[in-house]
Number of protein chains: 2
Amino acid sequence: MVGTPDFAQMLRRCGGRATPGRLRLMRALWKETAPVTAARLQKSLGGALNLATLYRALDALAEDGVVRRVDFRHGHAHYELAAPARAHHHHLACTGCGAVEDVACTLRPRLKRTSAFSTITDHAMEYFGLCKACGARGPERGGRIWTGAGE
Amino acid sequence: MVGTPDFAQMLRRCGGRATPGRLRLMRALWKETAPVTAARLQKSLGGALNLATLYRALDALAEDGVVRRVDFRHGHAHYELAAPARAHHHHLACTGCGAVEDVACTLRPRLKRTSAFSTITDHAMEYFGLCKACGARGPERGGRIWTGAGE
DNA sequence: CAATAAACGCGAATTATTTGCAATAATATC
DNA sequence: GATATTATTGCAAATAATTCGCGTTTATTG
């Protein structure tokens, strides 16, 4: 994935239309370095797209797997480009300041075949922790007593 | 974890109070077989707790790690008991019918030490796929299944 | 038993996300 | 190219889902 991917083709290939709006959306996502919210994306588009339209587009694109919806437990969704524009990866998010870092997928190749499922199409996986800055700042807030178990 | 855990002690141990409300909440969660929404939980509590109170409790408990917030990409959070009441695990969710199955954590023991982070405290990880029933039914109408619907 | 702060209920407020609908424009077809 | 078809869009209004303010109750601590 050297230069900018051919978004127009990418859009059309999954049954959509290469409208100026969606092209700008793709380019805006392409420039992001971490998953962004719909609101932030709209801002970075200079308000070029209506928020409703944006949600509809992101929804459709996520459905097609071109865009990936990420949950950082902030109460709202974040989005980023997925394959084929960006290689599969996951995230490590700082619960202190929100910094996000990409991490490689450390999953074992295959999940054991389970009884009730026939296919596994996707997975979400985010790590949470403290970046060095926040870690140094110490535990401002209480909590986390059962850390030892399991994690 | 044989019988019912000592929820009162569990609550107190992480700085909370063993109020009848929170005890009922814990017991209700304990009976669930899959992560539930706040609304569903309230219903299963017979409305014993106000929804705002419920959210505040779940929030506090999640902060303490006693409860785990799970995201199935349905646009709202689901909750379940975490350690020490329940062993660490993840989920496999059917994007067709919403069926949920527990899966063991297949992560490698440790994430490689990264440059900008000092600690990793938690991780979220859900698989998405089709249960056998939905897989057999085939791609009815490729479309979003969960939007606006009940859960 | 009094003091203290956590937990609660209630209603109102926010925020995120969705929908209905009419207008517009990208593609496929002719 | 002209045209039909249908995805996409904007806008305004509607839904959720979740949070907040605040006065009251009540579980702990001592």
Side-chain angles (χ1 to χ4, degrees), chain A residues 7-26 28 35-43 45-64 66-67 69-79 141-143, chain B residues 6-26 35-43 45-64 66-67 69-79 141-151:
Chain A
F7 293 129
Q9 193 177 83
M10 206 177 279
L11 289 169
R12 280 190 275 261
R13 219 176 261 172
C14 47
R17 292 178 180 178
T19 66
R22 295 210 172 176
L23 285 172
R24 296 180 66 163
L25 163 52
M26 294 298 272
V36 290
T37 64
R40 181 146 167 18
L41 194 51
Q42 193 205 21
K43 207 171 294 173
L45 281 167
L49 284 180
N50 181 277
L51 205 46
T53 303
L54 197 49
Y55 272 113
R56 273 188 285 235
L58 288 169
D59 216 36
L61 295 172
E63 181 102 7
D64 295 329
V66 172
V67 157
R69 190 187 319 242
V70 181
D71 175 63
F72 288 131
R73 294 175 176 166
H74 293 173
H76 48 247
H78 287 241
Y79 302 84
R141 294 261 312 143
Chain B
D6 185 346
F7 292 127
Q9 192 178 82
M10 207 176 282
L11 288 169
R12 280 190 276 260
R13 222 178 259 174
C14 48
R17 291 180 179 175
T19 65
R22 298 211 169 177
L23 286 172
R24 297 180 65 165
L25 163 53
M26 294 297 273
V36 291
T37 64
R40 181 147 165 18
L41 195 50
Q42 193 204 25
K43 208 172 294 174
L45 282 166
L49 284 181
N50 181 278
L51 204 47
T53 303
L54 195 49
Y55 273 113
R56 272 189 284 239
L58 288 170
D59 215 35
L61 296 172
E63 180 103 6
D64 294 329
V66 172
V67 157
R69 191 188 318 241
V70 181
D71 175 62
F72 288 131
R73 296 176 174 165
H74 294 174
H76 48 247
H78 287 240
Y79 302 85
R141 264 284 316 137
R144 82 191 71 92
I145 292 162
W146 290 109
T147 320
E151 298 289 71

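Just so it is clear, the values below take in all heavy atoms, side chains as well, and ignore hydrogens, waters and symmetry mates. Below, chain A is the first sequence line, B the second, and so on; all start at residue 1.
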Specify the separation, in whole Å, of atom [atom1] of [X] and atom [atom2] of [N].
X       : N      : atom1 : atom2 : answer
B/Leu49 : D/dT26 : CG    : C1'   : 14 Å
A/His76 : D/dT18 : NE2   : C1'   : 13 Å
B/Leu51 : C/dG11 : CG    : P     : 13 Å
B/Leu25 : C/dA6  : CG    : C1'   : 15 Å
B/Asp71 : C/dA16 : CG    : C1'   : 13 Å
B/Asp59 : C/dA6  : CG    : P     : 15 Å
A/Arg56 : D/dA7  : CZ    : P     : 13 Å
A/Leu45 : D/dG10 : CG    : P     : 10 Å

Along DNA chain D (nearest heavy atom to each residue), the more 5'-positioned of A/Gly21 and B/Tyr79: A/Gly21
Determine the minimum heavy-atom distance between [X] and [Y], stating which atoms define it.
X       : Y       : result
A/Ala8  : A/Leu23 : N-CD2, 3.6 Å
A/Cys14 : A/Asp64 : O-OD2, 3.5 Å
B/Leu11 : B/Ala18 : CD1-CA, 4.0 Å

Sugar-phosphate, base or nothing in reach of B/Ala60, heavy atoms under 4.0 Å: nothing
Touch class at under 4.0 angstrom, heavy-atom based, for B/Ala77 against every strand present: sugar-phosphate
Axis-to-axis angle between the two ends of the helix from C/dC1-D/dG30 to C/dC30-D/dG1 (five base pairs per end, rounded to 10 degrees): 50°
side-chain hydrogen bond (donor to acceptor under 3.5 Å, both in side chains) contacts touching residues 11-20 of chain A (sequence neighbours left out): A/Gln9-A/Arg13
OP1 or OP2 of D/dT18 under 4.0 Å from side-chain N/O of B/Tyr55: yes
Minimum side-chain heavy-atom gap A/His74-A/Thr37 below 4.5 Å: no
B/S/- contact track for nucleotides 23-30 of chain C, protein heavy atom under 4.0 Å: --BBS---
Sequence neighbours excluded and cut-off under 3.5 Å, please list the side-chain donor-acceptor pairs for residues 48-60 of chain B, or say none.
{"unit_1": "B/Asn50", "atom_1": "OD1", "unit_2": "B/Ala52", "atom_2": "N", "d": "2.7"}
{"unit_1": "B/Asp59", "atom_1": "OD1", "unit_2": "B/Arg69", "atom_2": "NH2", "d": "3.0"}

Verdict with reasoning, B/Leu25 to B/Leu61, per side-chain contact (heavy atoms from CB on, under 4.5 Å): CA-CA 11 Å; B/Leu25 163 53; B/Leu61 296 172; 3.9 Å; yes
